J.: 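After the structure tokens below, expect a handful of questions from me.
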Protein chains: 2
Amino acid sequence: MKASDKVKHRTDMISSALRSAILERVLMPGMKLPEDSLGERFGVSRTLIRQSLERLAAEGLIELRRNKGAMVAKPSLEEARDLFELRTQIEDLVISRVIKNMTPDIIAELEGHLAKEVEAEHAAEPKSIRLATEFHILLAKLAGSPVLLRYVEEIGYRCGLTLSLYARPHSTDCGIAEHRQIIEALATGDEDAARKLMRHHLNAVADRALFTTDEGGPLVYLDALEPYAKKVRDGGA
Amino acid sequence: MKASDKVKHRTDMISSALRSAILERVLMPGMKLPEDSLGERFGVSRTLIRQSLERLAAEGLIELRRNKGAMVAKPSLEEARDLFELRTQIEDLVISRVIKNMTPDIIAELEGHLAKEVEAEHAAEPKSIRLATEFHILLAKLAGSPVLLRYVEEIGYRCGLTLSLYARPHSTDCGIAEHRQIIEALATGDEDAARKLMRHHLNAVADRALFTTDEGGPLVYLDALEPYAKKVRDGGA
DNA sequence: GTATAGTTGATTGCATACAATTTAGCCACC
DNA sequence: GGTGGCTAAATTGTATGCAATCAACTATAC
């Protein structure tokens, strides 16, 4: 059975849960992540927690310091800028590829996603942030390159993390209009315009966000993790 | 002591050893990597081997299949092309950044590396391959963005792996001349030329390499690993 | 002779135990 | 009052053991 290769390890579920928690700002940058507290909460031993932490560290979402444990990453402002710069460069390639694969179905899918974004425009913040990130990931999927998708995801997540550090609330608004413009350019088949718009969009997001720098203390409030942990304990995805 | 944060875990050493072995074609794509054989050879328990394998899997150098263990990754030809395409796009950014930071020291450093490449031109293959890869990594270092460096390294390594699958021997020659041209363009401060040359260089590497596809059997010959393992056991870097 | 089921051996998945290191508290001493 | 070291608690690093899964082989039935 080939399908059995796809069975997710519990480590995958835990990593996903933690990743979501970080991206949805339940775990804020600088928070400590002790192995046994997490293990207890997720109902697994430290072994699996450790694996998950290593993985997230490889993705750049948490920092791991020898003998001192893990904490949610606190990228510097400079690192944040570098991430957005790199992201811009990579998503340029996404646009090129998507426009080469273009079909009506693709436009429909993108517009479907946009509709969700519009719907959630005034909903809770975490949801609109997540949808905004997922727009870019959807584009990467449509580019038809697993490799490209992998890196767009990872860097997109890291950018999302920097936003929770540096962005003021509600700085995500007006991104929707820019997404719409990008879709339109793609629909027209105008590659140059689409690339320029994407570049402009990402620069705008970064500019809107990467301003002030307020220091937050490194605390441990794992209680908010409970809903995420529950899903894992119950075996959900 | 801040320096103590930099003490490498044994996992790091093992990962590095395995990575080197893969890049130097001691471990060929498809080879199985059983945990306890490796543990025995490196003189550590399966725990650390497991961690290393997970890490290399995250980097895309090995594949991990549930309950079936690890093997050196065997990227498809399409994946190889996608990797080179992405690499081209990212190194474009490297060039932009390096040229902005340009100083005489940087040119000197690059020329120093080029000299090493020339010296090793007719030496054993693994060495010249390694040096060619390290040229690109040196450039990424000089770009002054740790984020960028991390991804250039990872993708560069993955490209190196694909070459061991698809490239015929000696297809690495003539890369040196292209490296020299890039350095010259950088020294002149001609960004456009440098970017074009880098693009051309990477496309040439990919084209020279990604041709035939001969299938290799998935065997286990870990004996060749011995020199790498010894370094780890002796605590070397 | 082929195919299927059962069984054994090898390998991975996960938890637990113990060692090593850091951190925090405390008391002495300056 | 503050600084130094000492001990104890907490936390991470690593090894090991057991359960679960997979692969190969044999035997038996058709």
Side-chain angles (χ1 to χ4, degrees), chain A residues 1-18 30-58 62-72 217-222 229 232-235, chain B residues 1-18 27 30-58 62-72 217-222 225 229 232-235:
Chain A
M1 285 203 184
K2 280 268 174 82
S4 74
D5 289 356
K6 285 205 166 186
V7 172
K8 284 204 169 191
H9 301 210
R10 268 194 285 174
T11 302
D12 293 321
M13 297 196 286
I14 296 168
S15 308
S16 296
L18 289 175
M31 278 178 75
K32 283 202 66 179
L33 301 170
E35 292 175 358
D36 29 9
S37 321
L38 290 174
E40 204 172 331
R41 191 158 292 272
F42 281 96
V44 300
S45 84
R46 281 176 50 218
T47 308
L48 297 193
I49 298 296
R50 237 175 131 61
Q51 278 184 194
S52 301
L53 292 177
E54 295 261 359
R55 189 175 306 182
L56 293 173
I62 74 179
E63 281 167 24
L64 231 43
R65 284 171 316 175
R66 181 179 175 88
N67 285 323
K68 294 213 208 132
M71 67 175 212
V72 180
L219 267 184
V220 192
Y221 280 135
L222 259 36
V232 172
R233 287 199 304 271
D234 298 351
Chain B
M1 286 196 193
K2 281 267 172 86
S4 73
D5 289 357
K6 285 204 165 182
V7 172
K8 286 203 167 193
H9 301 212
R10 270 196 283 175
T11 303
D12 292 322
M13 298 195 287
I14 296 168
S15 308
S16 296
L18 289 174
L27 299 175
M31 277 178 75
K32 283 202 66 179
L33 301 170
E35 293 174 359
D36 29 10
S37 321
L38 290 173
E40 204 173 331
R41 193 161 288 276
F42 282 96
V44 299
S45 82
R46 282 176 49 222
T47 309
L48 298 191
I49 299 296
R50 246 175 120 63
Q51 280 184 189
S52 300
L53 293 177
E54 295 263 359
R55 187 173 309 182
L56 293 173
I62 73 178
E63 281 167 25
L64 230 42
R65 284 170 315 178
R66 183 177 175 88
N67 286 325
K68 290 208 210 144
M71 68 176 209
V72 181
L219 266 183
V220 193
Y221 281 135
L222 260 34
L225 248 188
V232 172
R233 287 198 305 271
D234 299 351

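Keep in mind that this is a model prediction, so the values were computed, not measured.
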J.: Distance check needed: C:dT21 C1' versus A:Glu35 CD, whole Å only.
T.: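 To the nearest whole Å, that distance equals 13 Å.
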J.: Assign B:Arg46 to base, sugar-phosphate, or nothing according to its heavy-atom contacts below 4.0 angstrom with the strands shown.
T.: base
J.: Please tell me if the side chains of B:Val72 and B:Glu63 come closer than 4.5 Å, counting only heavy atoms from C-beta onward.
T.: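 No, side chains not in contact.
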J.: Starting from P on C:dT12, measure out to CZ on B:Arg65 and report it in whole angstrom.
T.: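 The distance from CZ of B:Arg65 to P of C:dT12 comes to 11 Å, rounded to the nearest Å.
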J.: Closer than 4.0 Å, any side-chain N/O of B:Arg66 to the OP1 or OP2 of C:dT12?
T.: no
J.: Counting heavy atoms from C-beta on, name the nucleotide in C:dG13, C:dT23, D:dG13 closest to the side chain of A:Lys68.
T.: C:dT23
J.: Which pair of non-hydrogen atoms, one from B:Leu18 and one from B:Leu53, has the smallest distance, and what is that distance?
T.: CD1-CD2, 4.3 Å
J.: Which heavy-atom pair separates B:Thr11 from B:Ser52 by the least distance, and what is that distance?
T.: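 For B:Thr11 and B:Ser52, the tightest heavy-atom pair comes out as O-OG, 3.4 Å.
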J.: Starting from P on C:dT23, measure out to CE on A:Met71 and report it in whole angstrom.
T.: 13 Å
J.: From B:His9 NE2 over to A:Asn67 CG, what is the distance, rounded to the nearest 0.5 angstrom?
T.: 7.0 Å
J.: Report the nucleotide, chosen from C:dT12, D:dT12, C:dC14, that has the shortest atom-to-atom distance to any side-chain atom of B:Pro34.
T.: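 Shortest atom-to-atom distance from the side chain points to C:dT12.
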J.: Calculate the interatomic distance between B:Glu54 atom CD and D:dG13 atom P; express it in whole Å.
T.: 16 Å
J.: Nearest 0.5 angstrom please: A:Glu54 CD to A:Ile62 CD1, how far?
T.: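 The CD1 atom of A:Ile62 is 8.5 Å from CD of A:Glu54, to the nearest 0.5 Å.
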J.: Could you check how far CD of A:Gln51 sits from P of D:dG13, rounded to whole Å?
T.: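 So the CD-P distance, A:Gln51 to D:dG13, works out to 14 Å.
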J.: Rounded to the nearest angstrom, tell me the gap between atom NE2 in A:His9 and atom P in C:dA15.
T.: 14 Å
J.: With a cut-off of less than 4.0 Å, is there a side-chain N or O of B:Thr47 near OP1 or OP2 of D:dT14?
T.: no
J.: Relative to the 5' end of DNA chain C, which residue comes earlier, A:Asn67 or A:Val44, by the nucleotide with the nearest heavy atom?
T.: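 Mapping each residue to its closest nucleotide by heavy atoms, the 5'-most match is A:Val44.
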J.: Could you state the CZ-P distance from B:Arg50 to D:dA15, rounded to the nearest angstrom?
T.: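 So the CZ-P distance, B:Arg50 to D:dA15, works out to 14 Å.
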J.: How many whole angstroms separate atom CZ of B:Arg10 from atom C1' of D:dA15?
T.: 10 Å
